[in-house]
Amino acid sequence: MTLGEFPALNKTEGDAPFALTAPSSKSPAPFTYSSSDLKVATIKDNMVTVHAAGTSTIMAQQGGMGSYNPTSTSALLTVAPRVCTAPLENRQGVCVAPPTTAATVTQAQLSWSPAHFVLTWAEADGYCKNSTINGATGWKFPDQAQLVALAASGAMDGQGWTMADAWSAAAGSGTDTRFAVNLASGASTVFPKENKAHVTCVRAA
């Protein structure tokens with residue numbers, strides 16, 4: 001008996017578990033699945049959990065039932081390494097912010113990650129979108145008004161922050177420019193995106 005397609009799979013370290021789609025079959029017998037390399041991926045029922053970069057052969061096996069004989073097919077799972085842009089560190093497939101003694105602060109029902117290193121605007125945008133910071137995800141780039149309010153609040157006082165210009169999501173009047181807000185004074189300045197400024201990310205508290 002010929003089974004339907006069971007295509008190759010491509011994932012990246014840290015991806016969420018995913019369900020396998022069984023190949024089409026004339027037999028009503030259920031499929032069972034196995035992974036040839038448990039360091040790369042494990043399978044429970046039809047759910048695959050990715051653990052590390054590498055390759056593993058995913059075997060789909062169908063037992064005999066009635067007039068149908070047992071059969072099987074396989075697909076190659078390729079897991080690419082998670083690429084983390086500095087200063088993020090790859091920890092078991094997750095991009096994690098490096099440790100710091102500076103504290104996350106809360107202001108106006110928002111949590112703010114500490115500003116303590118400098119990046120270009122594009123690097124800062126990727127850092128906020130892709131980071132796990134202090135065990136939390138869901139961070140984003142702050143807008144200009146949010147940064148001005150943060151600077152006025154004094155919430156960072158004594159928390160180990162670098163009180164300097166920090167990028168916002170707001171576009172400046174010139175091409176490829178963005179507003180940065182000084183965390184000490186609240187003053188806004190337009191910088192070219194290739195300049196470097198501090199970065200703080202925001203999420204709902």
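Just so you know, these numbers use all the heavy atoms, side chains as well, and skip hydrogens, waters and symmetry mates. Here the structure is a predicted model, which is why all the values come from computation and not from measurement.
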Pair Trp121 + Phe179: ring centers closer than 6.0 Å: no
For the backbone of Ser111 and the side chain of Arg203, can you confirm whether one donor and one acceptor N or O come within less than 3.5 Å of each other? no
Between OG1 of Thr49 and CG of Asp15, what distance do you get to the nearest 0.5 Å? 11.5 Å
Measuring from atom SG of Cys201 to atom CG of Leu110, what distance do you get when rounded to the nearest 0.5 angstrom? 12.5 Å
Could you tell me the separation between the OG1 atom of Thr100 and the NE2 atom of His116, rounded to the nearest 0.5 Å? 4.0 Å
Can Lys11 be said to sit on top of Phe18's aromatic six-ring, NZ or CZ under 6.0 Å from centre and within 45° of the ring axis? yes
Trp161 side chain to Ala103 main-chain N or O, any donor-acceptor pair under 3.5 Å? yes
Is there a donor-acceptor contact under 3.5 Å from the side chain of Ser74 to the main chain of Met59? no
Give a yes or no on whether the backbone of Val96 and the side-chain of Thr132 come within a donor-acceptor separation of less than 3.5 Å. no
Test applied, side chain to side chain contact (heavy atoms under 4.5 Å, CB included); reference residue, Thr57; option that passes from Leu76, Asp37, Val40: Leu76
Polar side-chain atom of Ser131 near backbone of Ile133 as donor-acceptor pair, under 3.5 Å: no
Test your reading of the model: is there a side-chain donor-acceptor pair from Gln62 to the backbone of Ser27, 3.5 Å cut-off? yes
When rounded to the nearest 0.5 angstrom, what distance separates OG1 in Thr32 from CD in Gln61? 5.0 Å
What is the distance from atom CD of Gln159 to atom OG1 of Thr104, rounded to the nearest 0.5 Å? 9.5 Å
Measuring from atom CG of Leu9 to atom CD1 of Ile58, what distance do you get when rounded to the nearest 0.5 angstrom? 7.0 Å
For the pair Phe117 and Tyr127, name the ring-plane relationship: parallel under 30°, tilted 30 to 60°, perpendicular over 60°. perpendicular
